[in-house]
Amino acid sequence: MAERSAAPTAPELVLETEDGSTVMSPSRDYRVGRDPQSDIVLDDARVSWHHAVLRPERDHWTIEDEDSTNGTFMDGRRVHEWDVAAGSVIRFGSAADGPRAVVVSPAPAPAPAPASPSAPAPTSVSAPSATGTFRRPTTVRPLPARTVRIGRGADNDLVVDDLTVSRHHAELRVRPDGRHEIADLGSHNGTFLNGGPVARALVSPGDVVGIGHSAFLLVGGELQQYVDTGEVSLDVQDLAVTVDRGRKTLLDGVSFPVGEKCLLAVVGPSGAGKSTLLGALTGLRPADRGTVLYDGRDLYRDYAELRQRIGLVPQDDILHTQLTVRAALGYAAELRFPQDTAREERRGRVAEVMRELGLTERADQPIHKLSGGQRKRVSVALELLTKPSLLFLDEPTSGLDPGMDRSVMHMLRGLADDGRTVIVVTHSVLSLDVCDRLLVLAPGGRIAYYGPPANALAFFGFEQWPEAFEAFENDRQRDWAGQWAASPLRERYAPSARPHPGGTGGGRGEGTPADTPAPPPKAQSWGSQLWTLIRRYTAALAADRTFLIIMIALPFVMGAMARALAGGALTAETAMNALLILCIGGVLTGAANAVRELVKERVIYQRERAVGLSRSAYLMSKVVVLGTITVLQAVVLTLVGLGGVDLGAPDGAGVLMPPLLEITLAVALLSFTAMTLGLLVSALVRKEEVTMPLLVLLAIVQVVFCGALLSLSGLPVAEQLAWLVPSRWALGAMAGTVGLAGIVPGKQAADPLFEHSAGVWLTNMGALAGLAVVFGLLVLWLLRRHEPAVMRK
């Protein structure tokens, strides 16, 4: 080898492939494979990551196969090492129809070698490949000698027509030493260098700057732009997921390729790991081991940048069904597009998506009035707003009749044909024929089949899918994965994709844990998100007639009950009961408003959180809207219940203010605190159905521990537990205002919290406010538990 490198005499040759020509200089080796950093890149699933090496010898060239899965072929024969010369024809991956390379000599006008400084898309060793299957840049311009501003606005030096890009997004600056740096200009979707978010960073030749759907590289004195148009591939390599500290395996060595514009269906019996695979492929729940390559880029490592190019439609609709189609998509566009996007731009994109999915005629219909298939189209439309290149769907046809099932699958077929890669997890086998590829998972999370749907049943030896699924359940001793691994279909459609440490795409060695993805940046400022969420939530509540009726009627009903008990004046017989009814009414109005709100929107929150929604802005939108409603209800409740009633306060005055105003403030703060307690219950439960029984239990606890029925002062344990009950402090504040000890004789009315003094009254009100804050912080913490795993790491 040393002798050869010292004085190479092998001839200069040209290797011609479908993607272009490469001049092979006898001064070095040339690597062939799917790895985007290879000298000759062959984007074919049958070609291994590192497939072969072309080496110059003393007076000739040789090709050496690097133990590839599907082999290297010369003259129809599989070879390990073979001499090549002008006229040689080499095939990779298949002797019949594998990618073809022809050796030519000499080349009259040599093309630059891919590894030279002027190559279309080389990257540094440490950088990910941003170009993927984009063999040639979309635009090439001389590297500027001044600052270049990049953004969506027409006044930029480099205009990027992409709604996920801010109007003034970033600047490529020239430093005094002649080097370049990229500086983010406060963009809302972020600027990325080699997949990681940056505010300002040095850019070296071969580094990848990501802005929206575009990647920029500095190559050989040029600034090259590569646009992700949607035609991307996915390469899944050796995914493994375990739980219970490794005692239970959910996915085991799952590897398969997904080509451009491919519609892939994933099926399998319950417990085979379909949902786990979906979480791993989307990056929301990264695999414990293995790699997911998005056009050669490590999805986990570059998740913060690539997440905008991935759409996910969960099984449950991610929609506020009270809204119209146009309104729901409009609010989603506000949350996902930069804050500086004009209203006309957002409306134009919403109209474009509705036209694409045939929703224009139903744009002003409430979503809950649409059929199941049409609602699923709206969910897909929401994800298509940002033009994702990868679209994942979880059970999109669940609950639909066969006709709707077929319609939805044909819609997905059309989306793939339009230039997207679509992966659908499904239990339905009615429309598998419209898919390009079928992945069947066996129990234990291993591949039982991957390839064309038409070949699957014959491979398993059954005529109907129900027979196959029954066999999966009953014949647990059969080695489904081993049968597939030894089949020729696997050699053809799913060649092994072994991890390669240190290469482009972040491949990992056996047993190496997956990288922790960086969390995505927020799509908007906190205040802008809050304003959008408040308007959307208000519109959704206003469209819910049942909620409006209950919301209006409840304070009047509870207030009328308090008024009936109070009569014209608070007396020894009526005072305690009237104040107790106010407490119960305040608790019920506040808690009933909020107890279902988080659990019923959990799927919506999880999806929006994954694309940059602020957790605190989401919670604050609930607090602002529900808090406003709750306080207004409390005012009505108190005025109806005690307006015009002789409250019997000492000397006719309250502690600090007029008695009716003090009681109104106490009931309002009680209702607000109960509202935060309702949100806490909603964040705790897993199903909406259990919220109503818990609401009843909540009301009973308030009655027992408020101090109206039991004398809690000096009672061990019970008195301390009552400190956590909002009605305890609210009743104390109201009792202090009216001087309950002077109206109602007995030890119970002499409770220290009922004292008619400013200090005690302020203590009661402060304790209520403190409980509201504590409950709110607990809700914020619980929301984190329910968000995607990638956001918690």
- Message: What verdict does the side chain to side chain contact (heavy atoms under 4.5 Å, CB included) test give for Ile40 and Tyr30, after you've listed the backbone C-alpha separation in whole Å, the side-chain angles of each residue and the deciding distance to 0.1 Å?
- Response: CA-CA 7 Å; Ile40 297 108; Tyr30 288 80; 3.9 Å; yes
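- With sequence neighbours excluded, the residues forming a side-chain contact (heavy atoms from CB on, under 4.5 Å) with Val429 are Leu432, Trp465, Phe469, listed by chain and number.
- Among residues two or more places apart in sequence or in another chain, the ring-ring contact (aromatic ring centres under 6.0 Å, His included) test is passed with His169 by none.
- Put simply, the side chain of Tyr300 never gets that close to the backbone of Gly290: no donor and acceptor are under 3.5 Å apart.
- Remark: Ser94 pairs with Arg46, Ala96, Asp97 by the side-chain contact (heavy atoms from CB on, under 4.5 Å) rule, at least two apart or across chains.
- The two residues Trp61 and Ala10 make their nearest non-hydrogen contact at NE1-CB, 3.8 Å.
- With sequence neighbours excluded, the residues forming a salt bridge (charged side-chain N to carboxylate O under 4.0 Å, His left out) with Glu64 are Arg55, listed by chain and number.
- Every residue meeting the salt bridge (charged side-chain N to carboxylate O under 4.0 Å, His left out) condition with Glu352, not counting sequence neighbours, appears here in chain and number order: Arg349.
- Rounding to the nearest 0.5 angstrom, the gap separating the NZ atom in Lys387 from the CG atom in Asp228 is 11.5 Å.
- You'll find the side chain of Thr17 stays beyond 4.5 Å of the side chain of Val41, heavy atoms only.
- Annotation: the span from Leu439 atom CG to Lys274 atom NZ amounts to 10.5 Å, rounded to 0.5 Å.
- A distance of 8.0 Å separates OG1 of Thr282 from CG of Leu299, quoted to the nearest 0.5 Å.
- Ile90 CD1 to Trp82 CH2: the interatomic distance, rounded to the nearest 0.5 Å, is 12.5 Å.
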Just list the side-chain donor-acceptor pairs under 3.5 Å for residues 449-460, sequence neighbours left out, or say none.
from, atom 1, to, atom 2, distance (Å)
Tyr449, OH, Pro452, O, 2.5
Tyr450, OH, Pro257, O, 2.2

- Task: Apply side chain to side chain contact (heavy atoms under 4.5 Å, CB included) to the pair Arg34 and Leu42, showing each step before the final yes or no.
- Result: CA-CA 5 Å; Arg34 279 198 348 271; Leu42 300 176; 5.7 Å; no
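- For the salt bridge (charged side-chain N to carboxylate O under 4.0 Å, His left out) test, residues two or more places apart in sequence or in another chain that qualify with Asp417 are Arg413.
- Under the side-chain contact (heavy atoms from CB on, under 4.5 Å) criterion, Thr249 pairs with Thr242, Asp252, not counting sequence neighbours.
- Arg420 and Glu231 are not joined by a salt bridge, as no carboxylate oxygen comes within less than 4.0 angstrom of a charged side-chain nitrogen.
- Note: Thr191 OG1 to Phe216 CZ = 10.0 Å, rounded to the nearest 0.5 Å.
- Scanning both residues, Leu251 and Leu277, for their nearest heavy atoms gives CD1-CA, 3.7 Å.
- Every residue meeting the side chain to side chain donor-acceptor pair (under 3.5 Å) condition with His213, not counting sequence neighbours, appears here in chain and number order: Asp162.
- For the atom pair CG of Leu13 and NE2 of His60, the computed distance is 11.5 Å after rounding to the nearest 0.5 Å.
- Counting only heavy atoms from C-beta outward, the side chains of Thr69 and Glu491 approach each other to under 4.5 Å.
- In summary, the side chains of Thr72 and His51 do present a donor paired with an acceptor at a separation below 3.5 Å, with no hydrogens or angles considered.
- With contacts defined as side-chain heavy-atom distances shorter than 4.5 Å, the pair Val84/Thr62 does not qualify.
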- Message: Determine whether Asp65 and Val53 satisfy the following criterion, side chain to side chain contact (heavy atoms under 4.5 Å, CB included), listing intermediate values before the conclusion.
- Response: CA-CA 7 Å; Asp65 187 89; Val53 180; over 6 Å; no
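- Residues Val198 and Ile182 meet the side-chain proximity criterion, which asks for heavy atoms closer than 4.5 Å.
- Taking 4.5 Å as the limit, some side-chain heavy atom of Met409 sits within range of a side-chain heavy atom of Cys435.
- Here the closest heavy-atom approach between residue Leu441 and residue Ala272 is recorded as O-CB, 3.5 Å.
- Judged as a side-chain contact (heavy atoms from CB on, under 4.5 Å), and not counting sequence neighbours, the contacts of Thr421 are Val232, Val258, Leu390.
- Counting all heavy atoms, side chain and backbone alike, Gly212 lies closest to Val165 at CA-CG2, 3.8 Å.
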- Kindly determine whether Val209 and Leu217 satisfy side chain to side chain contact (heavy atoms under 4.5 Å, CB included), including the steps that lead there. CA-CA 7 Å; Val209 176; Leu217 286 86; over 6 Å; no
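- Taking 4.0 Å as the cut-off between side-chain N and carboxylate O, Asp39 and Arg28 count as a salt-bridged pair.
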- Going through the distances and angles, do Asn189 and Thr164 end up as a side-chain hydrogen bond (donor to acceptor under 3.5 Å, both in side chains)? CA-CA 7 Å; Asn189 282 325; Thr164 63; 4.8 Å; no
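- With respect to Arg289 and Asp238, a salt bridge is recorded, a charged nitrogen being found less than 4.0 Å from a carboxylate O.
- Two residues are said to be in side-chain contact when any heavy atoms from C-beta on lie closer than 4.5 Å; Val266 and Val424 fail this criterion.
- The only member of Leu412, Ile423, Leu278 that meets side chain to side chain contact (heavy atoms under 4.5 Å, CB included) when paired with Leu393 is Leu412.
- Ala101 approaches Phe92 most closely through the heavy-atom pair CB-CE1, 3.9 Å.
- Arg100 and Glu16 are not joined by a salt bridge, as no carboxylate oxygen comes within less than 4.0 angstrom of a charged side-chain nitrogen.
- Inter-residue side-chain proximity for Leu489 and Ser487 is flagged as met; some heavy-atom pair is nearer than 4.5 Å.
- A donor atom on one side chain and an acceptor atom on the other are found under 3.5 Å apart for Ser25 and Ser27.
- Between the side chain of Arg91 and the main chain of Phe73, no donor-acceptor pair closer than 3.5 Å is present.
- Val14 has its side chain out of reach of Val102: every pair of non-hydrogen atoms, C-beta onward, lies at least 4.5 Å apart.
- By the salt bridge (charged side-chain N to carboxylate O under 4.0 Å, His left out) test, Asp433 is found to be paired with Arg406, residues two or more places apart in sequence or in another chain being considered.
- With sequence neighbours excluded, the residues that form a side chain to side chain donor-acceptor pair (under 3.5 Å) with Ser214 are Gln225.
- Of all the heavy atoms in Ser379 and Val313, the pair that sits closest is CB-CG1, 3.7 Å.
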